[in-house]
K.L.:
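Before I ask anything, let me first share the structure, which is written out below as structure tokens.
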2 protein chains.
Amino acid sequence: MNLSQNMEDYLKAIFQIGHGESASTSEIAERLSVNPASVTGMLKKLAELKLVEYVSYRGVTLTHAGRKIALEVLRHHRLIETYLAEALGYEWDQVHDEAERLEHHISEEFEDRIAKMLGDPLYDPHGDPIPTKDGRLPPVSRERLADANEGETVTVRRVGSEDSTTLRFLKEHGIRLGAALRITKRDDRTHTITVHVQRTRVDLSNDVCKIIFVERGS
Amino acid sequence: MNLSQNMEDYLKAIFQIGHGESASTSEIAERLSVNPASVTGMLKKLAELKLVEYVSYRGVTLTHAGRKIALEVLRHHRLIETYLAEALGYEWDQVHDEAERLEHHISEEFEDRIAKMLGDPLYDPHGDPIPTKDGRLPPVSRERLADANEGETVTVRRVGSEDSTTLRFLKEHGIRLGAALRITKRDDRTHTITVHVQRTRVDLSNDVCKIIFVERGS
DNA sequence: CCCCACATTTAGGTGTAACTAACTTTTCTT
DNA sequence: AAGAAAAGTTAGTTACACCTAAATGTGGGG
Ligand SMILES: [Mn+2]
Ligand SMILES: [Mn+2]
Ligand SMILES: [Mn+2]
Ligand SMILES: [Mn+2]
């Protein structure tokens with residue numbers, strides 16, 4: 001099956017929104033910066049190809065075939081991000097846009113070679129799991145920094161953002177994968193959490209804390 | 001100026017056919033595996049954008065702006081080929097197809113990083129010159145093995161083919177960049193040239209000898 | 001249970017880039 | 001120099017993927 005770049009991005013978006021549940025037209029439109037009317041059109045085409053199950057006004061889910069493609073594209077994306085960071089010295093806030101384009105244009109050969117060169121990594125520079133060649137997703141932490149208690153110490157495992165300003169901010173304050181954070185204060189009035197990284201104090205908004213996933217302990 | 005992948009490939013084709021002279025509709029169609037009628041349509045659009053000078057029934061030449069883009073795409077192509085060979089262990093017969101797609105999708109950032117990593121190479125794995133960032137082409141040999149005399153010894157500098165079967169054949173017989181060839185026999189009846197690489201004898205058709213460019217001496 | 005707000009789809013249209021078939025221009029052959 | 005062959009262009013379609021505006025469906029509050 002040879003799909004267009006656009007179709008691949010739709011399948012990936014449906015996978016990432018839905019994660020099993022069905023994705024709505026407007027969520028897909030939002031994520032792809034496209035008009036909802038365009039989404040309806042594309043969903044019909046994807047349903048025609050048996051890549052999604054689509055019920056008018058009810059949203060879509062991926063079929064087995066659609067899910068397989070979504071995972072392949074996601075594997076490309078995250079392997080490329082990892083390669084850019086490891087082999088070419090990109091920062092974690094620079095990798096996303098490059099990977100977003102390249103994911104559609106590399107060959108299986110390229111995929112296999114960079115995977116091997118990197119030692120078949122399981123996580124990308126943001127801690128996102130890289131689907132394996134046979135379509136399985138390595139486990140990820142779902143504990144959010146936002147839910148950690150005052151006094152606890154946690155380890156950063158994943159940052160669920162593609163926004164380069166946010167990523168740069170975090171990096172500059174020492175918040176990177178593997179960093180140990182001590183939660184020194186939760187202010188529920190200002191929705192702010194104060195953490196200490198090494199000896200540096202950082203104030204984080206609740207919004208940011210919702211996209212930082214951690215593991216208890218250090 | 002943001003051009004489509006297709007437009008970029010047209011400009012590159014015109015550059016490579018013409019090299020100063022004008023390119024004909026059918027040559028472009030041939031090279032891009034596209035219908036001549038489609039070429040006419042595209043040439044009009046490119047002329048509209050002032051990227052080519054187009055006279056109906058008379059062919060096209062690149063404008064300064066068009067040439068600049070062609071050189072940029074060519075730089076991408078050849079840098080990527082070089083990168084694939086040097087950094088990822090591709091063979092010289094595997095690099096072309098991958099580069100043909102990727103050339104349109106990498107960022108300036110990516111271009112700069114791989115160029116730097118490779119030490120700003122001047123030639124790709126086939127000995128083709130890599131345009132510099134400011135659009136200048138390193139010099140190349142135009143001496144064809146086909147024109148070498150019996151008894152001479154020459155050094156392989158460039159192989160002007162993208163055909164992987166040809167490239168694999170040459171590689172397997174020790175004919176690679178830098179290899180020293182002694183022309184031991186020219187048979188003008190069978191249009192065959194016999195050369196010795198190291199101690200191995202290889203018979204080459206005249207067609208192949210026309211795409212092998214050499215430097216006199218070893 | 002009706003109405004309204006919102007989500008979604010349909011209808012109609014754009015731009016890109018290809019195709020085939022028919023026509024025109026150029027070039028070659030005699 | 002005429003006529004045929006080759007090269008190139010025009011006309012009319014197709015497919016893709018987007019858009020806006022108008023119409024329709026859905027689910028919750030009154
Ligand atoms: Mn993408
Ligand atoms: Mn990532
Ligand atoms: Mn190309
Ligand atoms: Mn090359």
K.L.:
Rounding to a whole Å, what distance do you find between B:Glu27:CD and D:dA6:P?
P.N.:
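Taking atom P of D:dA6 as the reference, CD of B:Glu27 is at 17 Å.
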
K.L.:
Between A:Thr192 and A:Asp203, does any side-chain donor sit less than 3.5 Å from a side-chain acceptor?
P.N.:
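On atom types as modelled, these side chains do not qualify, holding no pair under 3.5 Å.
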
K.L.:
So which one's nearest nucleotide on DNA chain D is more toward 5', A:Pro36 or A:Ser56?
P.N.:
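Per heavy-atom nearest nucleotide, the more 5' residue is A:Pro36.
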
K.L.:
Categorize B:Val34 for me: base, sugar-phosphate, or nothing, with a 4.0 angstrom heavy-atom threshold over every strand shown.
P.N.:
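Contact class for B:Val34: sugar-phosphate only.
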
K.L.:
Starting at atom CG of B:Leu32, determine the distance to atom C1' of C:dC19, rounded to an integer number of angstrom.
P.N.:
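In whole Å, C:dC19 C1' lies 15 Å from B:Leu32 CG.
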
K.L.:
Whether the A:Asp124 and A:His77 side chains hold a donor-acceptor pair (N or O, under 3.5 Å, no angle test) is what I'd like checked.
P.N.:
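Looking only at side-chain atoms, A:His77 and A:Asp124 do not form any donor-acceptor pair under 3.5 Å.
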
K.L.:
Please compare B:Ser38 and A:Lys44 by the position of their nearest nucleotide in DNA chain C and report the one closer to 5'.
P.N.:
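Result of the comparison: A:Lys44.
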
K.L.:
Heavy atoms only, 4.0 Å cut-off, all strands: where does A:Ser26 land among base, sugar-phosphate and nothing?
P.N.:
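Counting heavy atoms under 4.0 Å across all strands, the contact made by A:Ser26 is with sugar-phosphate only.
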
K.L.:
Round to the nearest Å and state the distance from B:Asn2 atom CG to C:dG15 atom C1'.
P.N.:
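Roughly 15 Å, once rounded to whole Å.
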
K.L.:
Can you tell me if B:Gln5 and B:Arg101 form a side-chain donor-acceptor pair at under 3.5 Å?
P.N.:
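There is no such pair between these side chains.
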
K.L.:
Whole-Å distance between C:dA17 P and B:Ile28 CD1?
P.N.:
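Interatomic distance, CD1 of B:Ile28 to P of C:dA17: 15 Å.
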
K.L.:
In whole angstroms, how far is the P atom of C:dT14 from the CG atom of A:Asn35?
P.N.:
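My rounded result for the distance is 16 Å.
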
K.L.:
Can you find a side chain N or O atom of B:Asn6 that sits less than 4.0 Å from OP1 or OP2 on C:dT16?
P.N.:
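For C:dT16, neither OP1 nor OP2 has a side-chain N or O of B:Asn6 closer than 4.0 Å.
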
K.L.:
Send over the distance from B:Tyr57 OH to D:dG8 C1', rounded to a whole Å.
P.N.:
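Distance check: B:Tyr57 OH to D:dG8 C1' gives 5 Å.
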
K.L.:
Is there a side-chain polar atom (N or O) of B:Lys45 under 4.0 Å from OP1 or OP2 of C:dA17?
P.N.:
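For C:dA17, OP1/OP2 do have a side-chain N/O of B:Lys45 under 4.0 Å.
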
K.L.:
Would you say a side-chain N or O of B:Arg58 is under 4.0 Å from OP1 or OP2 of D:dT9?
P.N.:
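Result: no.
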
K.L.:
To the nearest Å, how far apart are B:Met42 CE and C:dA18 P?
P.N.:
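Checked: the CE to P distance equals 5 Å.
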
K.L.:
Let's go through B:Glu100 and B:Lys12 carefully: what are the C-alpha distance in whole Å and the side-chain angles of both, what is the deciding distance for salt bridge (Lys or Arg N to Asp or Glu O under 4.0 Å) to 0.1 Å, and is it a yes or a no?
P.N.:
CA-CA 11 Å; B:Glu100 190 61 43; B:Lys12 188 163 61 115; 3.2 Å; yes

K.L.:
Within the structure, does a side-chain N or O atom of B:Thr40 lie under 4.0 Å from either OP1 or OP2 of D:dG8?
P.N.:
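Negative; the distance criterion is not met.
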
K.L.:
Under 4.0 Å between a side-chain N or O of A:Tyr10 and OP1 or OP2 of D:dC18?
P.N.:
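True: A:Tyr10 side-chain N/O within range (under 4.0 Å) of D:dC18 OP1/OP2.
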
K.L.:
Nearest whole angstrom, please: distance from the C1' of D:dC16 to the CG of A:Leu43.
P.N.:
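That distance rounds to 15 Å.
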
K.L.:
Does NZ or CZ of B:Arg157 come closer than 6.0 Å to the centre of the six-membered ring of B:Phe213, within 45° of the ring's axis?
P.N.:
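Not flagged: B:Arg157 not positioned over aromatic ring of B:Phe213.
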
